[in-house]
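Below is one structure, written out as C-alpha cells; the observations come after it.
Quick caveat: nothing in here was measured; it's all calculated off a predicted structure. Any value given below was found using the heavy atoms of this structure, including those in side chains, with hydrogens, waters and symmetry copies removed.
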There are 2 protein chains.
Amino acid sequence: MAVTIYDVAKAAGVGISTVSRVLNESKNVRPETRQRVLKAIAELGYRPNPLARNLSRPGFLSVGVMLGFLTNPFQVAVLHGIQQVLSEVGPNLIVYSIDSAERRERLLHGISQGHRVDGLICVSFAPGPRHRQRLRRYNIPVAVADFRDPELLSVYVDNVRGGYLATRHLLEQGHRRIGYIQDVQEQPNGAFGNRPAQDRLEGYMQALAEAGLPVEADLVVQANVFSRAEGARAAASLLERPDPPTAIFACSDMLALGILEYARDRGLTVPDDLAVIGFDDIDLATFADLSTVRQPMVELGRQAAQLLWQAMRGQPLESRAVEMPLELVVRRSTAG
Amino acid sequence: MAVTIYDVAKAAGVGISTVSRVLNESKNVRPETRQRVLKAIAELGYRPNPLARNLSRPGFLSVGVMLGFLTNPFQVAVLHGIQQVLSEVGPNLIVYSIDSAERRERLLHGISQGHRVDGLICVSFAPGPRHRQRLRRYNIPVAVADFRDPELLSVYVDNVRGGYLATRHLLEQGHRRIGYIQDVQEQPNGAFGNRPAQDRLEGYMQALAEAGLPVEADLVVQANVFSRAEGARAAASLLERPDPPTAIFACSDMLALGILEYARDRGLTVPDDLAVIGFDDIDLATFADLSTVRQPMVELGRQAAQLLWQAMRGQPLESRAVEMPLELVVRRSTAG
DNA sequence: CTGAAAGCGCTTACAG
DNA sequence: CTGAAAGCGCTTACAG
C-alpha cells in the first residue's frame with residue numbers, strides 16, 4: 001500500500017498527531033520536530049490522502065458534469081455557465097467528457113452508485129431508466145441541460161419552435177426549396193439520434209406545412225460528425241443534385257459555418273445563390289455574419305447548476321423545469 | 001449532521017452491513033429486508049458519502065486543472081488534450097476555472113495543502129513560490145502547460161521563436177511598419193502580465209532588429225481582455241493615427257479575428273491594405289483564412305497530462321521539460 | 001441471509 | 001509542545 005501517516009510518524013519518531021500538525025501548519029510544533037517530520041515526509045514520498053483528510057472535516061461536495069466533445073462550442077458554453085455558478089457556491093466541478101456510448105455507460109454506472117459525486121449535470125442527454133433508478137435510490141440529484149425530462153430537474157429550449165422560426169424566416173425571404181442538415185450522435189442505449197435536432201426537424205416541417213409546401217425527403221440530410229468539414233460535406237450532397245435548395249437550415253452553427261465555407265469555395269454568393277441559417281448563436285456566428293436561432297447557452301448551464309445546487313442543499317425547488325427563450329437573429333447570410 | 005448509514009440501519013431495523021449490501025447491490029439480501037432498507041433510505045433522504053465510500057476501497061485519484069476563462073479556445077483545446085489522456089488512464093478531472101487572482105490564490109491555498117487533488121496541472125501559469133513549496137512538501141506533483149518552469153514538469157513552446165517567425169514572415173512580405181497587439185492578464189501575485197505574450201514581443205523585436213528596423217514604442221499596444229471586440233479596439237488605436245502600420249501581428253488568433261472584423265467594417269482590403277497574422281491556429285483560423293503560428297494545443301495538454309500521470313504513479317520521468325514545435329501557417333490574411 | 005468488529009487514513013479534542 | 005484515543009462514514013472479511 002501507499003505510505004501513510006503512520007509510516008511517517010514512525011520514521012520521524014513522533015506520534016501521528018504531530019505529523020498531522022506539521023501537515024496542517026499548526027503553530028504548536030517545535031522547529032526541530034517539524035524538521036524531522038518534513039524530512040521523513042520527503043524521504044518516504046508521503047502524500048496525504050485527500051479522501052481521508054476530508055472525511056474528518058466539513059469537506060467539499062463535488063458535482064459531476066457529463067458532456068460530449070469539448071470541441072463543441074455549444075457544450076463549452078454550457079459548461080462555462082455551470083462553472084460560473086459552482087465556483088461561487090463551492091463544490092468541485094468534475095468534468096466527464098463522453099466520447100462513446102460505452103464510456104458514458106461506464107461512468108454512469110460508477111456515478112449512479114454514488115462512488116464519485118454528490119450531484120450530476122448531464123448536458124444534452126438524460127441517463128437511461130436503470131441509471132436513473134439508482135441515482136434516485138442513492139438520492140443523487142440530477143439536472144439536465146438542453147434536454148427536457150419530466151422526471152428530472154431540466155432546463156431546455158423549445159427546439160420545435162426554434163426549427164419553426166428558422167424555417168419560417170427562410171420562407172419569408174421567398175425560399176421554397178429549403179434543405180435541413182441534422183446531426184446525429186450516439187445515444188446511451190447505443191442507438192443513434194439527437195433529440196434537439198429531431199425537434200428542430202419537426203419545427204421545420206411545421207413551417208413548411210403552414211406554407212403549404214411538401215416535405216421532400218431528399219432535402220433532409222444527416223451529418224455524422226460535429227464539424228465544419230461535415231457541414232461542407234452535407235452541403236455538397238444537398239447542392240450537387242439536379243434541383244438544389246436555395247436555402248439551408250443547419251441544426252448547429254458549426255455545421256452552418258461549414259456550409260458557408262463550401263459556398264465560398266464554390267464561388268456561390270451568400271445569400272443570393274444560397275441562404276444559410278444555423279442554430280445556437282455561438283461566438284463566431286457574429287464574425288461569420290451568420291443568421292441563426294440564439295440559445296442562451298451560458299444561461300442554460302447557469303440555471304441547471306442553480307437547480308442542482310438547490311436540490312443538493314435540500315432547498316425547496318420553486319420549479320423543476322425551466323424553459324429558456326429562443327430568439328431569431330437575422331444577419332447577412334439570409335438577408336444580404 | 002447528515003443522515004448516515006447508521007440512521008438507515010436503525011430505521012430499517014438491520015445492521016449497517018446489510019444497508020451496505022443493499023447499497024452495493026449484493027445478491028445476499030432477502031428481498032423483504034432489501035425493501036425495508038430501500039424504504040428507510042428513501043424516507044430519510046440518505047445519501048452515501050462518496051469520500052467514506054472510496055476510503056475503504058481502491059479508490060479514485062483526482063487531477064485538478066487550473067485554467068483561465070473557458071471562453072478562450074486555446075485553453076479549451078489544452079483542456080481537451082488533458083481530458084483525452086486522463087479519461088483513458090482513470091483519474092477524475094476537476095476543473096478550476098480562474099476568473100481572478102484572488103480566486104486563484106484561494107484555490108491554490110486549498111490544493112497545495114492536499115485537500116482536494118492528487119495531482120495538478122496549471123495552464124499558462126505556474127504557482128508562486130509559497131504554493132510551490134507546499135505542493136512539494138505534500139508531494140503533489142505539478143505540471144504546467146504553455147509555460148516553462150525549470151522546477152516543474154513543463155510542456156511549452158518557444159514563444160520567442162514564434163514571435164520571430166510571425167514577424168519575419170511579415171517582413172518578407174515587404175512590410176516595414178508592423179504593429180504588435182499583446183494581451184495582458186492578471187498574475188498570481190496580483191500584477192499584470194503574460195509571459196508567452198512577452199516572449200512573442202521579444203521575438204518580434206528580434207526580427208525587426210535583424211531587418212535593421214527600429215522598434216517603435218507606439219506600434220506595440222495592449223488588449224486588456226481576451227476577445228474579438230478588444231482586438232478590434234486595439235486595431236483601431238493602431239490604425240487611426242497619422243502613420244499607421246501596414247501589418248499587425250496579434251498575440252492570439254482571437255484578437256486577430258477582431259482585427260479582421262475591424263478591417264471589414266472599415267472597408268479595408270486584407271492583406272493589401274492591411275496584413276494580419278495571429279497566433280495559436282485555433283479551429284476558426286482556417287475559416288477566417290487567417291495566417292498564424294500554429295501551436296499544438298491539444299498535444300500540449302496531452303503531454304502535460306502524461307507527464308503528470310507518470311509522476312503520480314511514481315514512474316521515472318525520462319524528461320521533465322518538453323518543448324513542442326511551432327509552425328508558421330500562411331493563409332490569405334498575409335498573402336493574398 | 002445477517003450482524004459485530006476491524007479497518008480505510010486522516011483530524012481533533014483531551015490530557016499531560 | 002506532544003501522544004493516545006475517539007471519531008469521520010463507509011466496506012469487507014469473519015462468524016454464524
Heavy atoms under 4.0 Å, any strand shown: does [X] hit a base, just sugar-phosphate, or nothing?
X: A:T18; result: sugar-phosphate
X: B:N28; result: base
X: B:R34; result: nothing

Closest nucleotide of DNA chain C for B:V14 versus for A:L23: which of these residues is on the 5' side?
-> B:V14
Could you tell me whether the phosphate oxygens of [N], OP1 or OP2, come under 4.0 Å of any side-chain nitrogen or oxygen in [X]?
X: B:R30; N: C:dT2; result: yes
X: B:S20; N: D:dT12; result: no
X: B:T33; N: C:dT2; result: yes

How far apart are the C-alpha atoms of B:E25 and A:R134, what are their side-chain angles, what is the distance that settles it, and do they pass the salt bridge (charged side-chain N to carboxylate O under 4.0 Å, His left out) test?
-> CA-CA 10 Å; B:E25 298 176 351; A:R134 282 179 31 211; 3.1 Å; yes
Pair B:E32 + B:R36, salt bridge at N-O below 4.0 Å = no
Are B:R132 and B:D149 close enough for a salt bridge, meaning some N to O gap below 4.0 Å?
-> yes
In whole angstroms, how far is the [atom2] atom of [N] from the [atom1] atom of [X]?
X: B:L51; N: D:dC8; atom1: CG; atom2: C1'; value: 10 Å
X: B:L55; N: C:dT11; atom1: CG; atom2: P; value: 12 Å
X: A:N54; N: D:dG9; atom1: CG; atom2: P; value: 13 Å
X: B:E32; N: C:dT2; atom1: CD; atom2: C1'; value: 13 Å
X: B:K10; N: C:dT2; atom1: NZ; atom2: C1'; value: 19 Å

So, B:D146 and B:S124: side-chain donor and acceptor under 3.5 Å apart, yes or no?
-> yes
Is there a donor in the side chain of B:N92 and an acceptor in the side chain of A:Y96, or the other way round, less than 3.5 Å apart?
-> yes
Stem regions touching DNA chain D, defined by at least 3 consecutive Watson-Crick or wobble G-U pairs below 3.5 angstrom | C:1-3 with D:14-16, C:5-12 with D:5-12, C:14-16 with D:1-3
Closest listed nucleotide, where the reference is the side chain of [X] and the choices are [options]:
X: A:T4; options: D:dC10, C:dG9, C:dT2; answer: C:dG9
X: B:I5; options: D:dT11, C:dC10, C:dG9; answer: D:dT11
X: A:V29; options: C:dC1, D:dT2, C:dC10; answer: D:dT2
X: A:S17; options: D:dA5, D:dG9, C:dC10; answer: D:dA5
X: A:N49; options: C:dT11, D:dG9, C:dC10; answer: C:dC10
X: B:R21; options: D:dC1, C:dC1, D:dA13; answer: D:dA13
X: B:R53; options: C:dC1, C:dT11, D:dC10; answer: D:dC10

Taking the nucleotide of DNA chain D with the closest heavy atom to each, which residue, A:I16 or A:P31, is nearer the 5' end?
-> A:P31
Where each residue is assigned the nucleotide of DNA chain D containing its nearest heavy atom, which of A:Y6 and A:G15 is assigned the position nearer the 5′ end?
-> A:G15
Option passing side chain to side chain donor-acceptor pair (under 3.5 Å) with A:H131 (candidates A:R136, A:E105, A:H109) = A:E105
Cation-pi check, A:R195 to A:F147: give yes when NZ or CZ is under 6.0 Å from the six-membered ring centre and within 45° of the ring axis, no otherwise.
-> yes
Does the ring of A:Y138 carry B:R53 above it, NZ/CZ under 6.0 angstrom from centre and within 45° of its axis?
-> yes
Counting only distance, no hydrogens or angles, is the base of D:dG9 paired donor-acceptor with the side chain of B:R47 under 3.5 Å?
-> no
Can you tell me how far P in C:dT12 sits from the matching atom in C:dG16, rounded to whole Å?
-> 22 Å
